[in-house]
Protein chains: 2
Amino acid sequence: MIGITIRQMLYFDALAQTLHFGRAARRSGVSQPALSSQIAEMEERLNCRLFERGGKTVRMTDEAHALQPRIERILADIRDVEATARRGRPAMEGRFRLGIIPTVAPYLLPHVLPELKKQYPALQLELREAVTASLVDDTASGRLDAFIAALPLDHPGLVAQELFPDRFFLAVPSGDPAFASPPVPPESPALERLMLLEEGHCLREQALAVCGNVRPVAMASYGATSLTTLLQMVAHGLGVTLVPEMAASAAGVMPDLRIVPFQEPMPQRLICMAWRRNRARQDECVELARIIRGLDAAVLRV
Amino acid sequence: MIGITIRQMLYFDALAQTLHFGRAARRSGVSQPALSSQIAEMEERLNCRLFERGGKTVRMTDEAHALQPRIERILADIRDVEATARRGRPAMEGRFRLGIIPTVAPYLLPHVLPELKKQYPALQLELREAVTASLVDDTASGRLDAFIAALPLDHPGLVAQELFPDRFFLAVPSGDPAFASPPVPPESPALERLMLLEEGHCLREQALAVCGNVRPVAMASYGATSLTTLLQMVAHGLGVTLVPEMAASAAGVMPDLRIVPFQEPMPQRLICMAWRRNRARQDECVELARIIRGLDAAVLRV
DNA sequence: TACCAATCATAGGAAAATCCTATCGAAAGA
DNA sequence: TCTTTCGATAGGATTTTCCTATGATTGGTA
């Protein structure tokens, strides 16, 4: 497809500048015959005489004169490409697309973002909030660099690193007598009034797993798509709901709302960060996970 | 100096388009391991992961995405350079710098130029009129592509091809009784009044060679620098001069001027075309010479 | 679960490209 | 004519590139 080589262009350039095979060869760090034969080969491949060899002088042909600036430019372009690539983005710089599930994002991000901004100001974090299935899909197909969700994640090709456990609490109306004396046993009949997020949120499945024996109120009819909305519904006495620990600390300040613990062992979920197993720069993901794990545990607890 | 190769860029391009090592290799006409190892080598040299290899899918890294258009452009540029050079200017096209001595130019060019224009309309002939020494110098150093002059030329590095002989005649005042009965013998005492062009013109030396025993009138004092001027001086009865055959046909129509032949064997000079022995496209010079030689001999004769 | 198909990496030896040293031949100057 | 300079050529060594065969991993399927 392409006949000439970079080497030939380099030798051509050296010869065009020196007009002397010996000096061009020395400048190129090869022997004179090596340079001679490469130039000859180049002329052969281009089917075009480039240099006139005289007894004492070497002269460029018109064709060579026309080619020289273009070849110089090509060489410069190649050097540029190499320099750009080789410089190697120094980890934690440039764009990083991170997905987070909705039941974690609003509670974790306020703590993570300032810390990231401080440690890695050059990192341009692009955030996407979506349910786990969507995040898994986007990450596997390269539309995201990594995501934060709750274990378990079962997708081949992804690798997950545990970040921290997130215990579940119960959010109940302030004066509800059914929860007068916490902790609450998971099999409490009062959990019949459990309200859940719409399908797709992993918190829904986790809540069902915790309170295995209840027939929860279908939330679709209420249109509750966010945990905040759900908590406001609880505050209005429409029912109760499960809140993760992170959210609970925020929910604790809402009026007419009470956060009560479950009996030991307290149910919990494991929050993790995940990315493609074959991802080029795993170090960035690992570093990001390290930072999140390193956040003062207090900020994530009730 | 430059680490990556054109081959690597080609393979990179193929892989970037197919995202499949096997197909990229097939498209590139090599085996899959060959392509794999060249890509690996390229990543090594750039110190930068370019592709993520997954079980079933290959994905480009951000770096590779950034590099791809630049590499494509470089490859296109190289192909352009090759196409340009390889197309090979089809001989007798483009600029051709031709020098001619002043005692030939005005008589030969009117015949040559129309013919050239007809046969090779794409040829851009640049003409320079100068004395032989100057033409030799300019041609040897590449400022001219070829020149037309009279033999002998003694300069190493030049090659000359004979074009045609140019016989010498004598231009005399119309009524001059000394030349009443031509042909004129070279040793005629009437040649004492021979006038010559200024130093540098080969015709001067040639005339002296023909009339070896005369002490010619120094022309410098008259300031005659062109044959036409010289002929007008002859017409005014200031002396006689040697005219080459080509000029004679033009001079024949001047009033008060007579063109008379020399005795056999008629003296002559050989007009030739010359160029650098190492010149790249000798074929153009040879072709040009062929055309001039092919001109109807009649146009060059008395 | 265990096999199967697809895919990229690795190994080892062959082929090709490139280079080096030594030498030749032409050209230009002494 | 002799010498010096310089590019071309020759022959063999070295490096690069390639191919075939095989291994390892992944993702789907019986």
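Just so it is clear: chains get the letters A, B, ... in the order the sequence lines come, proteins before strands, and each one is counted from 1. Values in this document were obtained by computation on a predicted structure and should not be read as measured data.
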Task: Qualifying side chain to side chain donor-acceptor pair (under 3.5 Å) pairs, either residue in residues 155-164 of chain B, two or more places apart - done: none
Result block: side-chain N/O donor-acceptor pairs under 3.5 angstrom for residues 126-137 of chain A, not counting sequence neighbours:
| residue | atom | partner | partner atom | Å |
| --- | --- | --- | --- | --- |
| A:R128 | NH1 | A:D138 | OD2 | 2.2 |
| A:D137 | OD2 | A:R143 | NH2 | 3.4 |

- [ ] Take A:S37 and B:R23, find for each the nucleotide of DNA chain C with the closest heavy atom, and name the residue whose nucleotide sits nearer the 5' end.
- [x] B:R23
Task: For A:D62, side chain to side chain contact (heavy atoms under 4.5 Å, CB included) partners two or more places apart - done: B:R95
- [ ] Whole angstrom is fine here: how far is it from CZ in B:R59 over to P in C:dC8?
- [x] 13 Å
TODO: Classify the nucleic acid contact of B:Y11 as base, sugar-phosphate or nothing, counting any heavy atom under 4.0 Å across all strands shown.
DONE: sugar-phosphate
Open item on the list: I need the CZ-P distance between B:R49 and C:dC8, as an integer number of Å.
Closed with: 14 Å
Polar atom pairs (N or O), protein with nucleotides 26-30 of chain C, under 3.5 Å:
| residue | atom | partner | partner atom | Å |
| --- | --- | --- | --- | --- |
| C:dA27 | OP1 | B:R277 | NH1 | 2.2 |

- [ ] Measure from CE on A:M42 to P on C:dT18 and round the result to the nearest Å.
- [x] 13 Å
TODO: List for me each residue that meets side chain to side chain contact (heavy atoms under 4.5 Å, CB included) alongside A:A24, sequence neighbours excluded, and say none if there are none.
DONE: A:A14, A:L15, A:T18, A:L35
TODO: Hey, which sits more toward the 5' end of DNA chain C by its nearest nucleotide, A:R7 or B:T57?
DONE: B:T57
- [ ] Quick one: which residue pairs count as a salt bridge (charged side-chain N to carboxylate O under 4.0 Å, His left out) with a foot in residues 32-44 of chain B, not counting sequence neighbours?
- [x] B:E41-B:R45, B:E43-B:R53
Open item on the list: Please report the distance, rounded to the nearest Å, between CD in B:E41 and C1' in C:dC8.
Closed with: 17 Å
TODO: Output every pair passing ring-ring contact (aromatic ring centres under 6.0 Å, His included) with a member in residues 3-55 of chain A, not counting sequence neighbours, ordered by first then second residue.
DONE: A:F12-A:F51
Open item on the list: Output the rounded distance in Å from CZ (B:F21) to C1' (C:dC8).
Closed with: 7 Å
Open item on the list: Run the side chain to side chain donor-acceptor pair (under 3.5 Å) test against B:R27 and tell me which residues pass, sequence neighbours left out.
Closed with: B:Q17
Could you list the donor-acceptor pairs under 3.5 angstrom formed between side-chain atoms of residues 64-73 of chain B and any protein atom two or more places apart in sequence or on another chain?
| residue | atom | partner | partner atom | Å |
| --- | --- | --- | --- | --- |
| B:R70 | NH1 | A:T84 | OG1 | 3.1 |
| B:R70 | NH2 | A:T84 | OG1 | 3.4 |
| B:R73 | NE | B:D77 | OD2 | 3.3 |

Open item on the list: Would you say B:S36 places a side-chain N or O within less than 4.0 Å of OP1 or OP2 belonging to C:dA9?
Closed with: yes
Open item on the list: I'd like to check the salt bridge (charged side-chain N to carboxylate O under 4.0 Å, His left out) partners of B:R290; sequence neighbours left out, ordered by chain and number.
Closed with: B:E287
Task: B:L116 CG to B:M92 CE distance, which is reported to the nearest 0.5 Å - done: 6.0 Å
Open item on the list: Distance check needed: C:dT7 P versus B:L15 CG, whole Å only.
Closed with: 13 Å
TODO: For nucleotides 20-25 of chain C, just jot down a letter per nucleotide in 5' to 3' order: B, S or -, based on protein non-hydrogen atoms under 4.0 Å.
DONE: BBB---
- [ ] For A:D145 and A:L98, indicate whether the former's side chain and the latter's backbone hold a donor-acceptor pair under 3.5 Å.
- [x] no
Open item on the list: Using a 4.0 Å cut-off to any heavy atom of chain B, which nucleotides of DNA chain D are the first and last in contact, reading 5' to 3'?
Closed with: D:dT17 to D:dG27
